[in-house]
Asks: 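I am attaching a structure below and will ask some questions about it afterwards.
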Amino acid sequence: MSLSPTLLYQILLKKLGNLYWWPIDKNYHKKNKSDPRFEVIIGAILTQNTSWSNVEKALENLKSDRKLNIKSIADANLKNLTKIIKPSGFFNQKAQRIQTLSKLLKDKYNYNLYNFFNRDIKIIRKELVSIKGIGLETADSILLYAGDKPIFVVDAYTKRICNRLPLDTETSYDEIQLFFENDLSKNYEDKILTKVYGELHAQIVILAKDYCRKKPNCTDCPLLKDCMFDDKLF
DNA sequence: GTCCAGGGCCGTT
DNA sequence: AACGGCCATGGA
């Protein structure tokens, strides 16, 4: 029998456990900290084709300058912002991108992420994708990890794993996303779907980095028994 | 030194 | 629709 997204999730959950990516601390007010949802939004853009360790450096720079908030980035001098986020790479485009989005949150939503996220998922997604520099994956990462919305994020790793296992799905972003969501939503309650989608995406990233690499490292792979890919032919 | 990272845009075919 | 070049730092 072939692998389904649900079975994939169950296997990875057993082997890798919960990864708790970008957990949103809802008591951040009491700790006098900045809104963690905004940090997730900025992180989602800074991590485009970039290792997370580099993104962390850029986020630390923003924090130590007290610039990790909507107003500071919206009103920042673009050249200065570029310098601050330099370690994240592609700094010219990324500075522009985080400023464009921050200005939208400032001008149209009055700095209020509740106003921004408390709408239909598809409407928010369309608005995000209409911003130059925010594509489908970045938009969905923001919706899932910052907006707490049940939407499955598809990345290059997901596509690679679908090809290798294989998982029987089409190749376009939206088709792959629907393939995962249709299957998982049949097997899990609505109220935990956001959690399931968030964990599975994170688990797939770990799987692809540690085992299902470009040059595959199948020894000790959690999916060895369930995978049709033959690394001896590679 | 080489490879690659939790993409997206733009131009060409 | 699909593909190539480009953007750039830092760790393995």
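Keep in mind that the numbers below use all heavy atoms, side chains included, and drop hydrogens, waters and symmetry copies. In what follows, every chain begins at residue 1, and chains take the letters A, B, ... in the order their sequences are listed.
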Asks: Does a side-chain N or O of A:S172 approach OP1 or OP2 of C:dA1 to a distance below 4.0 Å, or not?
Replies: no
Asks: Considering all heavy atoms of both residues, which atom of A:L81 and which atom of A:Q99 are nearest to each other, and what is their separation?
Replies: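 Closest heavy-atom pair between A:L81 and A:Q99: CD2-CB, 4.2 Å.
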Asks: Checking all strands, does A:E137 fall into the base, sugar-phosphate, or nothing category for heavy-atom contacts under 4.0 angstrom?
Replies: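 Contact class for A:E137: sugar-phosphate only.
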Asks: B:dC10 P sits how many Å from A:Q96 CD, rounded?
Replies: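 Atom CD in A:Q96 sits about 12 Å away from atom P in B:dC10.
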Asks: In terms of the nearest nucleotide of DNA chain B, which residue is placed more toward the 5' end: A:Q48 or A:R160?
Replies: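 The residue closer to the strand's 5' end, by nearest nucleotide, is A:R160.
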Asks: B:dG6 phosphate, OP1 or OP2: any side-chain N/O from A:K209 under 4.0 angstrom?
Replies: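 True: A:K209 side-chain N/O within range (under 4.0 Å) of B:dG6 OP1/OP2.
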Asks: Between A:F91 (CZ) and B:dA5 (C1'), how many Å, whole number?
Replies: 16 Å
Asks: What's the gap between B:dG8 and C:dG10 when it is taken at their P atoms, as a whole Å value?
Replies: 22 Å
Asks: Any side-chain N or O of A:K94 less than 4.0 Å from the OP1 or OP2 oxygen of C:dT9?
Replies: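 Negative; the distance criterion is not met.
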Asks: Would you tell me whether A:T138 and A:Q48 have side-chain atoms, one donor and one acceptor, within less than 3.5 Å of each other?
Replies: yes
Asks: With the stacking rule set at 5.5 Å and 30°, tell me whether A:W21 counts as stacking on B:dG6.
Replies: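 Stacked: ring centres under 5.5 Å, planes under 30°.
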Asks: What is the distance, to the nearest angstrom, from the CZ atom on A:R125 to the P atom on B:dG8?
Replies: 11 Å
Asks: The test is salt bridge (charged side-chain N to carboxylate O under 4.0 Å, His left out); show your working for A:D35 and A:R37 and say whether it passes.
Replies: CA-CA 5 Å; A:D35 189 335; A:R37 294 175 299 175; 3.0 Å; yes
Asks: Among B:dG6, B:dC10, C:dG11, find the nucleotide with the atom closest to the side chain of A:S51.
Replies: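 Looking only at side-chain atoms, A:S51 lies closest to B:dG6.
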Asks: So, is A:N54 close to the C:dG11 phosphate, meaning a side-chain N or O under 4.0 Å from OP1 or OP2?
Replies: no
Asks: Give A:L136 one of three labels, base, sugar-phosphate or nothing, depending on what nucleic acid heavy atoms sit under 4.0 Å from its own.
Replies: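 A:L136: backbone/sugar contact only, no base atoms under 4.0 Å.
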Asks: Are side-chain N/O atoms of A:Y173 and A:D140 paired as donor and acceptor at under 3.5 Å?
Replies: yes
Asks: So does A:D174 pair up with A:R125, basic N to acidic O under 4.0 Å?
Replies: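 Yes, this pair counts.
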Asks: In this structure, how many angstroms lie between the C1' atom of B:dG6 and the CD atom of A:Q177, rounded?
Replies: 16 Å
Asks: Expressed in whole Å, how much space separates the C1' atoms belonging to C:dA2 and B:dG6?
Replies: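 Those two atoms are separated by 23 Å.
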Asks: Taking all non-hydrogen atoms of both residues, which atom of A:E137 and which atom of A:V154 are closest, and how far apart?
Replies: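 Shortest heavy-atom separation between A:E137 and A:V154 comes out as CG-O, 3.4 Å.
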Asks: What's the closest nucleotide to the A:K132 side chain, out of B:dG7, B:dC10, C:dT9?
Replies: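 The answer is B:dC10.
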Asks: Give the nucleotide from the list C:dT9, B:dC9, B:dG7 with an atom nearest to the side chain of A:K86.
Replies: C:dT9
Asks: Rounded to the nearest angstrom, tell me the gap between atom CD in A:Q93 and atom P in C:dT9.
Replies: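 Taking CD of A:Q93 and P of C:dT9, I get 12 Å after rounding.
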Asks: Side chain of A:K214: nearest nucleotide among B:dG6, C:dA8, B:dC4?
Replies: B:dC4
Asks: 5'-most contact on DNA chain C: A:K57 or A:N49, nearest heavy atom basis?
Replies: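 With A:K57 and A:N49 compared, the 5'-side residue is A:N49.
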Asks: Just the rounded figure in Å: distance from P of B:dG7 to CD1 of A:I142.
Replies: 13 Å
Asks: Check every strand shown and say whether A:F90 touches a base, only sugar-phosphate, or nothing at a heavy-atom separation below 4.0 Å.
Replies: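 Result for A:F90 = base.
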Asks: Quick check on DNA chain B: between A:I131 and A:W52, whose nearest nucleotide comes earlier from the 5' end?
Replies: A:W52
